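All remarks here apply to the structure that follows.
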Amino acid sequence: MHRPHGLLIAICLASATPAIAGQVSDEARPPAVDHHMHLVSPTAAATLVPPLLPEVDVPPAIQNVLLDRVRLAKDPERFSALFEQPPLVLHALFPTWLQGEEALETAEQIPDDVTLVPHSYRPTEGAAFVAGTWMYRASSGQMRPMTNFFMHLVKSTDGRWKISAEGITANAPPMPQPVDAARLLRELDAAGIRMGVALSLAYQHEDPRAENEWVAAQAKESGGRLVPICGINPLADSAIAELSRCAQEGVPGIKLHLGNARFDFDDPAHLAKLKNVFQAADEARLAVIIHLHNGTGGADSAERFVQEVLPLVESVPVQIAHMGGAGPGLDADDALGVLVDAIKRGAPGTANLWMDAASTVTSESSEAELARIAERFREVGLGRILFGSDRSSQNEAPVDAWKAFRRLPLSDQEFARIAGNQAPYLRQ
């Protein structure tokens, strides 16, 4: 099959950055390729994050309390009058309820430009519950969420509403964060890594074509430094057609996410569809990157995969994401053990089997975890291990992922071996 980007990939892989080569030894040099990154379109980003709840109407008297909660924060006497005495406050910076003056001092710590937007209002006789979001105006002019809040209000004897208790959360509600080629390239440059394998999240969409096309277009803008991989849901009716279209466009591989697809190895229909996708990928000469962990399966599922699915690919590489788990950490050691045993006995399909270590090692991995991961790397064979950061809008950036990876109890020569590994689909 014609690969229009193949020569460009080969050139990029061969051209190490002179500044990197001159600054560090071969043993300390970062990997040439980050084999597990994600490009995320605005549409895909929106599907990853639950939208903020809509604003609800509250009575004028309650709305005035929400306005004064911000407006009077710098006027201690009038601010204190907003609260039923003694007030009860749970602030994000304090892991316990505060009462009295300490509670008021904590509650006063609020920016001037915040707006309290209610999402829920539930009145009862003489009391009310309000929950919502603190919103602030960003430099772009857009209103952005800062934190969540909830408060209990009571009606005092003079008929005014007062806050009897309130709390806020430590973190801001998540917002959709698209990830384009420019962002990934900046992060690769910061890590000294030449190339990235850009996985599409199209397997999350009922119609995957638009997301896959967006990822391919972004990769094209990178000048060959980002290699696009189409996302396919193996259970979708569109799976084979979209796989064929991606092959015709010159994309070198597909990504399957069995957890996202809610795949069940014990369901004959599911297994049949997965086999069809693997056979079609082999015929189209497309590499398969698979998130094997389906959320429920372990060694039994991995054994079914080794026995019934893996032998169907004879000519293309198969890359097991996250060392058979989902990350972070080595979270599917039983399934990995099945894969290791298959490799050792030379089971069909394992000759071209690779393991990416995306998010397997983190900055928080314990010494015991690091020792176990290093042991598993050696059992798999260092020549089959691919570095990956699992970078998207979350997870560690490549520079931090490689720094965490270097915590493993491996020799400099072993690190150099892994850093030099490049999946075969990059050399087509």
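Only a predicted model underlies this, so the values are computations on that prediction, with no experimental measurement involved.
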Self-check item: From CA spacing to verdict: side chain to side chain donor-acceptor pair (under 3.5 Å), S200, E211
Solution: CA-CA 7 Å; S200 168; E211 185 70 15; 4.9 Å; no

- side-chain contact (heavy atoms from CB on, under 4.5 Å) between R391 and R183, worked out: CA-CA 11 Å; R391 184 57 164 165; R183 174 173 171 175; 3.4 Å; yes

- Task: Would you sort out whether L310 and V318 count as a side-chain contact (heavy atoms from CB on, under 4.5 Å), showing the intermediate values?
- Result: CA-CA 8 Å; L310 194 56; V318 174; 4.0 Å; yes

- request: Would you check, one step at a time, whether the test side chain to side chain donor-acceptor pair (under 3.5 Å) holds for Q307 with E303?
  value: CA-CA 6 Å; Q307 294 292 335; E303 190 64 47; 2.9 Å; yes

Exercise. What do the steps show when you test M37 against S392 for side-chain contact (heavy atoms from CB on, under 4.5 Å), and what is the final call?
Worked result: CA-CA 6 Å; M37 310 182 81; S392 58; over 6 Å; no

Open item on the list: Go through it in stages, so that I can follow the logic: the residues are V380 and M323, the test is side-chain contact (heavy atoms from CB on, under 4.5 Å), and I'd like the CA-CA distance, side-chain angles, deciding distance and then a yes or no.
Closed with: CA-CA 10 Å; V380 169; M323 301 291 290; 4.3 Å; yes

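Annotation: the span from K255 atom NZ to Y203 atom OH amounts to 4.0 Å, rounded to 0.5 Å. Here the CG-CZ distance, from D266 to R304, works out to 5.5 Å after rounding to the nearest 0.5 Å. S365 OG to F405 CZ: the interatomic distance, rounded to the nearest 0.5 Å, is 11.0 Å. Rounded to the nearest 0.5 Å, atoms NE2 (H35) and CD1 (I193) are 10.5 Å apart. Rounding to the nearest 0.5 Å places CD1 of I229 at 10.5 Å from CG of N212. To the nearest 0.5 Å, the span separating NZ on K220 from CD on Q218 amounts to 12.5 Å.
Listed by chain and number, the residues in a side chain to side chain donor-acceptor pair (under 3.5 Å) with T169 are T147 (sequence neighbours excluded). Partners of E242 under the salt bridge (charged side-chain N to carboxylate O under 4.0 Å, His left out) rule, at least two apart in sequence or in another chain, are R245. Under the rule for a side chain to side chain donor-acceptor pair (under 3.5 Å), the partners of S363 that lie at least two apart in sequence or sit in another chain are E396.
Counting only heavy atoms from C-beta outward, the side chains of L184 and L226 approach each other to under 4.5 Å. Within the 4.5 Å cutoff, the side chain of R417 has no heavy atoms near those of the F377 side chain. A 4.5 Å side-chain heavy-atom check between E187 and P398 finds at least one atom pair inside the cut-off. Contact check for D34 versus V197: no side-chain heavy atoms found under the 4.5 Å cut-off. F387 places none of its side-chain heavy atoms less than 4.5 Å from the side chain of N421. Contact of the V227 side chain with the V251 side chain is not registered, since no non-hydrogen atoms from C-beta on lie closer than 4.5 Å. Between L52 and V117 the shortest side-chain heavy-atom distance does not fall below 4.5 Å. Contact of the L98 side chain with the L90 side chain is not registered, since no non-hydrogen atoms from C-beta on lie closer than 4.5 Å.
Using a 4.0 Å cut-off between a side-chain N of Lys or Arg and a carboxylate O of Asp or Glu, R384 and D356 do not qualify as a salt bridge. Salt bridge R372/E369: absent, no basic N to carboxylate O contact under 4.0 Å. Using a 4.0 Å cut-off between a side-chain N of Lys or Arg and a carboxylate O of Asp or Glu, D412 and R406 qualify as a salt bridge. Electrostatic pairing of D333 and R376 counts as a salt bridge here, judged by a charged N lying under 4.0 Å from a carboxylate O.
No donor-acceptor pair under 3.5 Å is formed between the side chain of Q99 and the backbone N or O of V89. Remark: the backbone N or O of G298 is not paired with any side-chain donor or acceptor of D334 at under 3.5 angstrom.
Atom CZ of R262 sits in a sparse spot, with 12 or fewer heavy atoms from other residues, nucleotides or ligands closer than 6.0 Å.
Relative orientation of the F265 and F263 rings is perpendicular, given thresholds of 30° and 60° on the angle between their planes.
Results of the ring-ring contact (aromatic ring centres under 6.0 Å, His included) test with H36 over H291, H257, H322 single out H322 as the only residue that passes. V340 pairs with exactly one of I343, L336, V338 by the side chain to side chain contact (heavy atoms under 4.5 Å, CB included) rule, that one being L336.
Between F129 and H152, a ring centre-to-centre spacing not shorter than 6.0 Å is recorded.
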